[in-house]
Amino acid sequence: MLRPAPPPMLRLTNKWIWVAIAALLAPFVIVAGVTVLALGITDSETVQVQESLEPGTVPTAYVALIEKAATTCSILSAPLLAAQFYQESGFDPNAVSDTGAEGIAQFEPYTWTTWASPNDGDGKENPFNPADEIPAAARFDCALASQLSKVPGDAVGNMLAGYNAGAGAVISANGIPHISQTENYVKNIEALEKSFAKPTTTTISASSVAVQAIKFAYERLGTPYLYGGTGTAAENGEFDCSGLTQAAYASAGVTLPRVAAEQWYAGVHIPRSQLEPGDLVFFATNVNDPSTIEHVGIYVGGGAMIDSPHTGSVIRFDAIDGFNPTYIGAVRPYSTVPSWPVATGVASATASATASK
């Protein structure tokens with residue numbers, strides 16, 4: 001199969017890909033030696049103060065609501081609440097679960113009557129209005145945290161478990177109950193919190209994982225695009241955009257979610273000025289709303305990526321600038337990412353009853 005020639009500065013052989021990536025990373029390795037340990041897809045992570053939201057991670061309409069709600073009590077932060085709402089509904093204010101839980105924070109009707117308050121000035125208590133439900137969820141979280149303050153273990157984890165399974169279940173278990181859904185709920189949100197947080201330290205990575213992901217994609221240059229393709233034998237080894245990035249990182253032992261919009265939350269968000277080879281680069285129809293992400297590629301340096309763009313194309317090198325849809329940002333994947341899919345949490349009627357006592 002013929003492969004399109006990469007740009008001159010990116011014309012790499014498999015034999016020399018390590019050397020090329022090492023050269024691109026050299027300045028960052030020097031900084032890393034002085035400042036912080038490797039982060040992202042390496043095994044260690046720098047600690048971040050997770051107080052403010054990373055721009056572009058939350059739909060613009062909800063940013064101010066979440067930041068204000070995060071001031072309700074000291075245990076909350078804006079990234080934590082954002083992660084919780086993403087886990088609950090994927091930021092969908094009209095979401096309704098199989099059990100009847102409603103809105104962006106997925107309140108059960110019985111729970112909603114306890115915590116509702118018309119915060120948007122219209123005099124109505126509407127669970128499908130984020131201006132009403134976001135502050136209600138924060139009040140509920142804070143009440144749970146207070147009620148569970150004497151339960152041993154992680155206070156944030158206990159609070160989240162109470163939101164999902166009820167405070168009574170947390171008290172009975174003397175911590176996070178051994179309920180699969182609840183354990184995954186807590187684990188997912190605590191991992192996702194990092195993805196919504198604005199980093200307060202420079203994040204540097206220099207990892208063989210990134211090199212392996214690039215190598216995987218490079219070896220498949222020229223492979224036809226297949227909508228929904230994940231590279232199986234039945235699909236003739238063909239991929240769509242997120243299928244390629246998922247498989248590339250899987251080849252290095254890192255599990256990513258299936259679709260681009262969820263891969264957006266699978267690591268630390270990286271400023272354009274700090275892009276490094278191996279970072280995932282994302283493109284959206286509305287750069288103020290990450291739910292409109294439609295494309296992802298693997299950054300290889302020099303303002304270029306390897307990607308599988310669309311029907312009728314092949315896996316190839318593309319420039320980030322000028323790509324359609326528009327560049328929205330980049331992510332440096334974690335070595336461990338949440339269980340997927342998300343949006344499975346439920347604020348239960350049991351939780352409401354126990355928290356209100």
Test of understanding: clusters of I, L, V, M, F, W, Y form through side-chain heavy atoms closer than 4.5 Å, transitively. Do V287 and F282 belong to the same one? yes
Does the plane of the ring in W264 sit parallel, tilted or perpendicular to the ring in H269? Use 30° and 60° as the thresholds. perpendicular
Who passes side chain to side chain contact (heavy atoms under 4.5 Å, CB included) against T292, sequence neighbours left out? A284, T285, N286, D289
So, does R139 use its side chain to make a donor-acceptor pair with the main chain of W115 at under 3.5 Å? yes
Looking only at atom types and distance, does a side-chain atom of T111 sit under 3.5 Å from a main-chain N or O of F107, one as donor and one as acceptor? no
Taking the six-membered ring for Trp, are F216 and Y249 closer than 6.0 Å centroid to centroid? no
Not counting sequence neighbours, which residues clear side chain to side chain donor-acceptor pair (under 3.5 Å) with S251? List them please. Q212
Indicate yes or no for a side-chain donor-acceptor contact from Q263 to the backbone of P257 under 3.5 Å, with no hydrogens or angles considered. yes
Can you tell me which residue pairs pass the side-chain hydrogen bond (donor to acceptor under 3.5 Å, both in side chains) test with a partner in residues 224-234, sequence neighbours excluded? T230-E235, T232-E235
Could you tell me the separation between the CG atom of L160 and the CD atom of E190, rounded to the nearest 0.5 Å? 6.0 Å
Under the side chain to side chain donor-acceptor pair (under 3.5 Å) test, residues paired with N94 that sit two or more places apart: none
Any ion pair linking R258 and D240 (charged N to carboxylate O, less than 4.0 Å)? yes
Partners of S308 by side chain to side chain donor-acceptor pair (under 3.5 Å), sequence neighbours excluded? none
Same cluster for V151 and L144 if Ile/Leu/Val/Met/Phe/Trp/Tyr side chains link at under 4.5 Å? no
Can a cation-pi geometry be assigned to R220 and F239, taking NZ or CZ under 6.0 Å from the six-membered ring centre and within 45° of the ring axis? no
Just grab all the disulfide (SG to SG under 2.5 Å) pairs involving residues 218-301, residues at least two apart or on different chains. none
Could you see if L80 belongs to whatever hydrophobic cluster contains L148? Use Ile, Leu, Val, Met, Phe, Trp, Tyr and a side-chain cutoff under 4.5 Å. no
Any side-chain heavy atom of P325 sitting closer than 4.5 Å to one from F323? yes
Pair Y86-E193, side-chain donor/acceptor within less than 3.5 Å: no
Any side-chain heavy-atom pair from Q147 and I171 closer than 4.5 angstrom? yes
Look at the rings of Y327 and F283 and say which category their plane angle falls in: under 30° parallel, 30 to 60° tilted, over 60° perpendicular. perpendicular
Look at the side-chain heavy atoms of Ile, Leu, Val, Met, Phe, Trp and Tyr, link any pair under 4.5 Å apart, and say whether V259 and I328 land in one connected group. no
Are F140 and I75 linked, directly or through intermediate hydrophobic residues, by side-chain heavy-atom contacts shorter than 4.5 Å (ILVMFWY only)? yes
